[in-house]
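Just so we're clear, the structure is a prediction, and the values are computed from it rather than from any experiment. Just follow the structure's listing: the first ligand is 1, and inside any ligand the first atom is 1.
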Amino acid sequence: MATTQSLDPLSALVNIISTQTAILQTAYAKNNTKFPSIDDSFQPGPLDFDPSLTPARNLIVAAATQLIATVDSPMGFVYSKIGGLYDTVTLGFVVDVDIPDILNEAGPEGLHVDKLSEVTGVDASYIARVMRYLATSHIFKELSPDVFAHNRLSSHLTKAKSFKEIKADLCFMSCISSSCSHVSSITRSEELLKLSTAFIPFLKNSKQASAPFNMVYNTPEKMWEWTEKPGNELVSRKFTATMQNIGEMSPPEVFTNGIEADMLKSNAIVVDVGGGTGTAIFTIKKAFPNLRYIVQDLDKQIVAAKKFWDENDPEAIKSGQVQLQAHNFLHPQPIKGASVYFLRMVIHNWPDVEAQKILSSIRSAVDFNTESKLVIFEMLVKHVSEATNDLGSGSGEGAVPYPLLPNLGVAGAGLITSLDMSMLTMYNGKERTLAEYAQLGKESGWKLVDVKAGELAAFVYTPM
Ligand SMILES: C[S@@+](CC[C@H](N)C(=O)[O-])C[C@H]1O[C@@H](n2cnc3c(N)ncnc32)[C@H](O)[C@@H]1O
């Protein structure tokens, strides 16, 4: 690969794309499989999730995006970004009226918009325009005028249940599963779209409310308190479903390595602070049945957790190996001297002042005689100018070639920077850089001693 700056940027980008495409094609050829066509529904193949191909995929996405940004007219490129809200609403609409599920049952022949209109009750011309908008961005395909079918990307929007079951079942949660995490992300994004109307006013005067969320719902309560109130169940269920799906995305080793479970003595206590239903503990316990576990969260979440464990591992609760405990983490930590306290995707929900309070309250339960540690599982923000030596999936492989953005642009930091905006919108929370994690620890009595890299990184602290 030509990685030197001797090439002009355009040629260097094209070079990256062609070299990395050849790597992908060779891998598929070796496996006697064709590279999947965008026109076919997604059928998971052995190479689709092969981590050794992640660097090639990431480099192609990074280079192709940068190539488009370079060659498109600045007006055209910026305009396409401005229209981004229509991605959210059109995807939200098709999922809401179950078009992906209807098309799934129609098969490769697809359906005319008149038929889609008949089933959904929505005017055919609206459906045609929305579907054309999405098909123009490679989500769904238009086979012939006004006849639409699934392609590789749109088939991900199908819910876990059949269309008939969805219609018969009013429970939103049961339609969601890890196989359709995109669906729950979309419903969450729709909620975020509503909150985003307060984004600009909040940033211009952040003293007027705790977060854009509070301005839109006209409440001083934190989102967590608000969703516990009667009438707000649907919003609460959407977020719980998203969390469960996100939780299921990380391989178990992220958690077991993160807390160094193999170094713990039998019966050591592991506390999941703000643990939701306790899915992380559920994963760790399978690999380390010799430890004792406590899941802490607010009252309502603990009720949901009880249901989860009763359905999935009732013996763990009966035997006392797993305890579910209602605890507000802004108050003093009731479990003293546990071996591990961990927080997964909790700290990013909070601004610095409250994040420090949460960590300090855990610190107050620990003294120097106990070998307690704190582990925070979160994603790590890198500055755009900060060189990454990891091209993806923790591969640890190679440096980012010229002229790509040092953080690999949308291929490396697209998700985390977008999550950062979500955290700001919902809670005035934030995704943090390495320096910010170290500082947060320092101000609450914890020394950052290790960072285990990965899509979900583990930040390991000891008392100081
Ligand atoms: C983003 S979720 C993460 C849940 C879980 N750690 C996981 O990864 O699935 C944040 C969790 O923090 C909990 N939470 C929010 N405020 C809390 C508080 N004051 N005390 C205890 N838990 C709280 C919420 O109920 C929610 O379960």
**Study point:** Structural part of Phe329 in contact with ligand 1, heavy atom criterion under 4.0 angstrom
**Key:**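 Both of them.
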Exercise for review: Mind jotting down which residue pairs meet the side-chain hydrogen bond (donor to acceptor under 3.5 Å, both in side chains) criterion with at least one end in residues 195-211? Sequence neighbours excluded, please.
Suggested key: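 Residue pairs passing side-chain hydrogen bond (donor to acceptor under 3.5 Å, both in side chains), neighbours aside: none found.
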Quick check on [X] - does any of its heavy atoms sit under 4.0 Å from an atom of ligand 1?
X: Gly275; result: yes
X: Phe255; result: no
X: His331; result: no

Practice item. Look at Asp313 together with Lys286 and state whether they make a salt bridge at an N to O cut-off of under 4.0 Å. Key: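 So Asp313 does not pair with Lys286 through a salt bridge.
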Review point. Could Lys430 and Asp352 be called an ion pair, given the rule that one side-chain N must be under 4.0 Å from one carboxylate O?
Key: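 Salt bridge between Lys430 and Asp352, a charged N being under 4.0 Å from a carboxylate O: yes.
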Check your understanding: Stepwise, does the side chain to side chain contact (heavy atoms under 4.5 Å, CB included) test hold for Met345 with Leu456?
Key -> CA-CA 9 Å; Met345 301 192 92; Leu456 192 66; 4.2 Å; yes
By number and element, which atoms of ligand 1 are closer than 4.0 Å to a non-hydrogen atom of [X]?
X: Trp350; answer: 16 (N)
X: Asn349; answer: 1 (C), 10 (C)
X: His327; answer: 20 (N), 21 (C)

Review point. Is the CG atom of Leu203 crowded by more than 12 outside heavy atoms at less than 6.0 Å?
Key: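 Count over threshold, so yes.
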Check your understanding: Is there a donor-acceptor contact under 3.5 Å linking the side chains of Asn151 and Ser154?
Key ->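 There is such a pair (donor and acceptor under 3.5 Å, judged by atom type) between the side chains of Asn151 and Ser154.
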Check your understanding: Considering Asp297, Asn328, Leu456, which one's heavy-atom position lies nearest to atom 26 (C) of ligand 1?
Key ->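 When every heavy atom of Asp297, Asn328, Leu456 is considered, Asp297 comes closest to atom 26 (C) of ligand 1.
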Point to revise | Test of proximity, Arg344 against ligand 1: N or O pairs below 3.5 Å | key: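 There is such a contact, yes.
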Review point. Purely on distance, is any nitrogen or oxygen of Met345 under 3.5 Å from one on ligand 1?
Key: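 Among all N and O atoms of Met345, none is under 3.5 Å from an N or O of ligand 1.
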**Study point:** Sequence neighbours excluded, every pair satisfying ring pair (Phe, Tyr, Trp, His ring centres under 6.0 Å) that has a member inside residues 204-223
**Key:**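 Qualifying pairs: Phe213-Tyr217, Phe213-Trp226, Tyr217-Trp226.
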